[in-house]
J.: 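If you scroll down you'll find the structure; I have some questions about it.
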Amino acid sequence: MAAKGNEEETQLQEMEEEAAATGVEREMESDEEEGMGVEDSDEEEDDSSDDEKENEAEIQRLEEQLSINAFDYNCHVDLIKLLRQEGELLRLRRARQKMSELFPLTEEIWLDWLKDEIRMTEEEPNREKVNELFEKAVKDYICPEIWLEYAQYSIGGMGVPGGIERVRAIFERALTAVGLHMTKGTAVWEAYREFENAIMSTMQPPPGSIATREQQGLLNAQLERIHTLFRRQLAVPLMDMEATFAEYEEWSDKEIPETVSTQYKKALQHMEKSKPFEEALLVAEPPKLAEYQAYIDYEQQEGDPARIQIIFERALAENCLVPDMWAKYTKYLDRQLKIRDLVLSSHDRAVRNCPWTMGLWKNYLLALERHGAEHQTVSEIFEKALNAGFIQATDYVDIWQAYLDYLRRRVDFSKESSRELEELRVAFTRALDYMKQDVEERFSESGDPSCTIMQVWARVEASHCKNMQKARELWDSIMMKGNAKYANMWLEYYNLERSYGDSLHCRKALHRAVQCTADYPEHVCEVLLTFERVEGSLADWDTAVQKTETRLMRVNEQRAKVAEKEALLARQEEEKAEQRRRAKADKKAQKKSQKKAGEKRKAEEDEDEEDEWGDDSEQPPKRHRGEGDPGFGGLGSEELMETESGLFGRKGPPGRKADGAGPKKGRLAAAAVAAGARKAADTTAAADRRNDGTSVFVSNLAFSMEDPEARLRELFRACGPVQQVRPVYSGKGAFRGYGYVQFQDLAAVDEALKLDRQEVDSRPMFVSPCVDKNKNPDFKVFKYSTSLEKHKIFISGLPYSCTKEQLEELCKEHGTIKDIRLVTNRSGKPKGLAYVEFQDEAQASLAVLKMDGTVLQEHTLTVAISNPPRRNLADRPDSARALGSTLPGQLYGARGKGRTQLSLLPRSLHRQAGMDSKAENGTLQNQSGGSVGSVGGAPVAAGGSGLDAQSKPLSNADFARLLLKK
């Protein structure tokens with residue numbers, strides 16, 4: 001101890017002497033420069049002080065911004081850079097610690113932090129703090145450079161007892177983490193071998209001495225350890241592994257075993273297969289998502305879990321803010337590896353990198369429950385999720401549902417009451433309050449308009465707790481929130497009462513539904529009648545029939561009023577359109593007449609100029625008043641003055657040619673006419689360049705799209721060379737959401753049509769052929785079939801949050817899926833409908849049998865073979881079916897449901913509403929099957945005496961007589 005103290009004193013004295021010498025040198029240098037740069041030094045000090053003040057103000061601003069929003073990633077990065085630049089080491093340490101608590105740090109930030117801490121803690125007692133920092137760094141991302149720094153730093157402490165074994169343990173962990181990294185793993189292997197070679201060099205006996213048996217045993221063990229490292233490395237596919245094999249041959253004093261050569265050749269073959277993917281990553285530009293995805297797909301086909309994990313980690317190190325990549329990685333770990341520590345740490349890193357992604361938090365909660373985490377841990381993670389700052393109100397509904405599902409699975413419902421059950425009810429109450437207060441205050445909407453959370457609570461109370469009173473109270477609250485007008489909400493409540501309630505409450509629910517439903521009243525009426533057929537008495541049946549008839553009559557009246565109003569609006573729109581067309585035509589005709597008049601005036605001025613500058617002998621003699629000119633074919637001066645009048649708006653005196661404007665005005669008029677002609681020529685040339693055959697029509701775009709021409713050109717650039725883009729604007733210059741894209745060749749049109757329904761700015765973009773509707777008025781674009789498709793099923797009742805992946809997971813067990821189409825509206829929001837195409841009819845039929853009536857996310861699915869309704873409005877029924885049918889149809893008026901379908905039939909030919917006769921091809925048919933014609937206004941029975949047995953169609957003359965009949 002005394003020796004150690006003396007050594008420390010000596011070191012301190014040496015450091016003081018060096019500092020003193022350095023101070024003397026600096027004083028001498030300052031004395032030499034004192035007379036040379038006094039003014040310059042003052043200016044530099046002023047500049048540096050100004051920079052320091054600006055940096056300090058910026059640091060304070062960033063700290064205040066982080067106090068408001070601690071999840072601002074870029075603000076953290078900027079603050080760390082400024083503090084490191086200013087040398088504020090203590091504040092820098094605190095800033096890095098705060099950021100590391102919220103986000104995983106990148107490789108560059110960790111390396112800078114570690115190097116700064118190593119310089120600040122060079123004394124032995126503080127090495128443990130740096131080791132703890134290294135342990136945190138290697139958990140964020142798999143980075144070979146950080147592992148190398150960790151190993152190199154640990155070598156500095158190998159002098160303590162157990163130091164060598166600690167270094168070897170760190171190297172082994174580094175090989176497990178990054179030893180399979182095809183491009184950077186070699187550096188870790190080589191560093192490990194160099195460390196072992198250095199250890200072996202210390203074991204060599206001094207020159208001229210012979211090693212003892214114990215020393216020789218240790219030396220042989222060390223040699224075998226290095227041999228093992230070489231063999232392990234040669235069995236791993238790494239870049240430049242041929243050099244490693246050559247080094248092993250040169251180093252080893254023995255022949256390489258056959259097993260090692262075999263493993264090396266196998267690894268070399270695998271490296272050659274993976275080499276194209278590594279080269280693609282080398283030349284690709286960030287973020288390299290497509291290249292990494294191709295690499296991941298290849299490794300998943302090979303099936304080596306360790307290599308799949310390392311390529312996922314490499315992709316995430318460069319794309320740490322891509323939620324889809326984290327979702328794929330955690331999904332693979334959940335389903336394939338299922339290693340608890342690895343799975344949970346990956347989920348934790350995922351939510352720390354992308355805290356705004358609800359799906360990652362939801363999967364984290366499921367993984368915690370799947371691996372038996374403590375309830376306190378799950379609750380803490382859920383609370384962090386609530387504070388993560390989701391970007392949609394519906395995300396909060398989904399995360400609450402995931403947590404409530406977890407709490408429900410903890411409850412033992414065989415007991416009447418338990419602590420878990422009370423906790424579940426408290427959580428349901430808190431969820432409703434949170435959605436009402438926090439979510440509505442932030443997003444101005446609840447995010448749960450259909451009250452999904454309350455529906456789940458009511459079903460839990462009814463099915464598990466047998467508490468129908470509480471369930472009915474919850475459903476009363478649901479209906480009070482504006483859901484009473486929807487038929488599906490009443491039918492959901494009816495199904496709950498049907499399953500766990502009684503007939504009395506079922507009947508009450510259906511009677512209320514008939515009175516309140518606004519979207520599908522016919523369906524609700526039919527459900528009530530079906531219920532009374534099975535459960536009710538005659539009085540109940542009569543009451544139900546009376547109520548449904550009254551309700552449907554009122555609905556039909558309301559629909560008729562709406563249809564009349566829509567027809568009136570349509571007529572007004574047509575009249576406005578007709579007025580616009582007339583005004584446009586008048587304006588065009590006026591411009592055309594002005595153009596012709598200008599051309600005629602120019603010709604006359606040219607003749608006047610020729611007369612003015614020509615030879616006098618060639619001029620014709622003057623004509624006096626009243627003398628005709630045979631050259632004009634008998635045209636008098638009155639007609640000529642009418643032409644001038646049309647041009648200038650007034651009529652000159654008879655028998656005299658109007659002077660009009662002078663030569664200068666005439667030249668200006670001629671220049672205007674020439675400019676108009678050039679403009680018309682340019683317009684004609686632009687129209688000639690348009691080719692509908694090589695163009696597509698793009699619609700349903702967002703009106704707020706910035707620079708539509710450049711955006712459309714970018715979207716369709718991959719389809720082929722774009723010749724021109726023609727977005728359509730309103731009169732005020734606003735984009736109208738559609739336009740035309742013209743390509744240079746016809747093959748690009750087919751590629752462009754494949755982009756139909758592609759999502760652009762959260763809306764489906766419609767792409768269709770460019771067809772002139774004036775030339776092809778019957779042309780319709782609908783790429784989906786409208787007839788029976790036996791190999792395709794139609795699914796309704798899907799939750800709006802359902803994705804293609806979820807639906808594919810649900811359907812793939814029934815057959816091979818060829819295509820899935822989720823039906824959306826024009827704004828891109830789902831309708832809860834989908835079409836799933838199977839490989840053949842048998843698979844589709846099996847899917848209908850197995851899936852119809854199943855429940856997905858608390859939604860009961862209805863599945864049937866795809867048989868879309870015909871799109872022709874003329875095929876719709878004229879009236880609804882009777883109440884006794886299975887399902888009431890939609891009621892239409894005498895002219896159908898169309899808004900602009902105006903009846904062109906004279907009122908004299910309208911049938912009476914009560915007539916049962918039908919007309920086909922101008923022939924009236926009575927109920928008995930006979931035909932009734934009409935000649936001269938008197939009906940004549942076809943098949944009667946004096947007439948043919950066949951029906952006689954009415955002629956035009958017959959219709960004329962009917963029309964003129966008083």
J.: Any Lys/Arg nitrogen of Glu117 or Arg96 sitting under 4.0 Å from an Asp/Glu carboxylate oxygen of the other?
T.: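 Judged by the 4.0 Å cut-off on N to carboxylate O distance, Glu117 and Arg96 do not form a salt bridge.
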J.: Starting at CH2 of Trp356, measure out to CZ of Phe390 and round the result to the nearest 0.5 Å.
T.: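 Rounded to the nearest 0.5 Å, the CH2-CZ separation comes to 12.0 Å.
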J.: Around atom CD of Glu135, are there more than 12 heavy atoms of other residues, nucleotides or ligands at under 6.0 Å?
T.: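 Enclosed.
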J.: How long is the span from the CD atom in Glu440 to the OH atom in Tyr396, to the nearest 0.5 Å?
T.: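 Answer for the CD-OH pair, Glu440 versus Tyr396, is 14.0 Å.
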J.: Would a distance-only check, ignoring hydrogens and angles, find a side-chain to backbone donor-acceptor pair under 3.5 Å from Glu272 to Ala267?
T.: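 A pair under 3.5 Å: no.
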J.: Does the pair Glu302/Arg307 count as a salt bridge with the N-to-O cut at 4.0 Å?
T.: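 A salt bridge is absent here (no side-chain N lies under 4.0 Å from a carboxylate O).
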J.: Can a cation-pi geometry be assigned to Arg193 and Phe230, taking NZ or CZ under 6.0 Å from the six-membered ring centre and within 45° of the ring axis?
T.: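 Flagged: Arg193 positioned over aromatic ring of Phe230.
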J.: Closest approach of Tyr141 and Cys320, non-hydrogen atoms and distance?
T.: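 Reported closest heavy-atom pair: OH-CB, 3.1 Å.
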J.: Test your reading of the model: is there a side-chain donor-acceptor pair from Asp852 to the backbone of Val863, 3.5 Å cut-off?
T.: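 A pair under 3.5 Å: yes.
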J.: Within a radius of less than 6.0 Å around NZ of Lys266, do more than 12 heavy atoms belonging to other residues, nucleotides or ligands occur?
T.: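 Open.
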J.: Determine whether more than 12 heavy atoms belonging to other residues, nucleotides or ligands lie under 6.0 Å from atom CG of Asp240.
T.: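 No, the 6.0 Å shell around CG holds no more than 12 heavy atoms from other groups.
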J.: Distance check, rounded to the nearest 0.5 Å: Tyr403 atom OH versus Leu386 atom CG?
T.: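 Interatomic distance, Tyr403 OH to Leu386 CG, rounded to 0.5 Å: 9.5 Å.
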J.: Would you please indicate if the ring centroids of Phe382 and Trp361 are separated by under 6.0 Å?
T.: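 No, they do not, as the ring centres are separated by 6.0 Å or more.
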J.: Using 30° and 60° as the class boundaries, would you call the ring planes of Phe103 and His76 parallel, tilted or perpendicular?
T.: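 If you compare the ring of Phe103 with that of His76, the planes turn out perpendicular.
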J.: Which value, rounded to the nearest 0.5 Å, describes the distance between Ile142 atom CD1 and Arg349 atom CZ?
T.: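 Those atoms lie 6.5 Å apart.
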J.: Would you check, one step at a time, whether the test salt bridge (Lys or Arg N to Asp or Glu O under 4.0 Å) holds for Arg232 with Glu172?
T.: CA-CA 12 Å; Arg232 288 170 60 189; Glu172 289 294 334; 3.1 Å; yes
J.: Can we say Arg410 and Glu423 salt-bridge, meaning some charged N sits less than 4.0 Å from an Asp/Glu carboxylate O?
T.: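 A salt bridge is present here (some side-chain N lies under 4.0 Å from a carboxylate O).
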J.: Drop me the distance from Lys804's NZ to Ile817's CD1, to the nearest 0.5 angstrom.
T.: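 The CD1 atom of Ile817 is 11.5 Å from NZ of Lys804, to the nearest 0.5 Å.
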J.: When Lys184 is tested against each of Glu145, Glu190, Glu278 for salt bridge (charged side-chain N to carboxylate O under 4.0 Å, His left out), which residue passes?
T.: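 Option passing the salt bridge (charged side-chain N to carboxylate O under 4.0 Å, His left out) with Lys184: Glu145.
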J.: Check Arg821 with Glu837, please: is the shortest side-chain N to carboxylate O separation under 4.0 Å?
T.: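 A salt bridge is absent here (no side-chain N lies under 4.0 Å from a carboxylate O).
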J.: Do the side chain of Ser274 and the main chain of Met271 share a donor and acceptor less than 3.5 angstrom apart?
T.: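 Not a single qualifying donor-acceptor pair exists.
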J.: Taking all atoms of both residues into account, what is the closest heavy-atom pair of Gln839 and Lys818, and its distance?
T.: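 Scanning both residues, the minimum pair turns out to be CA-CD, 3.8 Å.
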J.: Does this structure show an ion pair linking Arg425 with Glu461, if we count only N-O contacts that are shorter than 4.0 Å?
T.: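 Salt bridge flag = yes for Glu461 with Arg425.
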J.: Taking all heavy atoms of Leu360 and all of Pro323, pick out the closest pair and write down the distance.
T.: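 Of all heavy-atom pairs spanning Leu360 and Pro323, the closest is CD2-O, 4.1 Å.
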J.: Less than 4.0 Å between a side-chain N and a carboxylate O, is that true for Glu196 and Arg168?
T.: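 Yes, this pair counts.
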J.: If you look only at pairs with a residue in residues 297-324, which of them pass as a ring pair (Phe, Tyr, Trp, His ring centres under 6.0 Å), with sequence neighbours excluded?
T.: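 The answer is Phe277-Tyr298, Phe312-Tyr329.
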J.: Verify the distance criterion only: is there a donor paired with an acceptor across the side chains of Thr452 and Glu858 at less than 3.5 Å?
T.: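 No - no donor-acceptor pair under 3.5 Å links their side chains.
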J.: Does the separation of the ring centres of His814 and Phe838 fall below 6.0 angstrom?
T.: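 Ring centres of Phe838 and His814 not closer than 6.0 Å.
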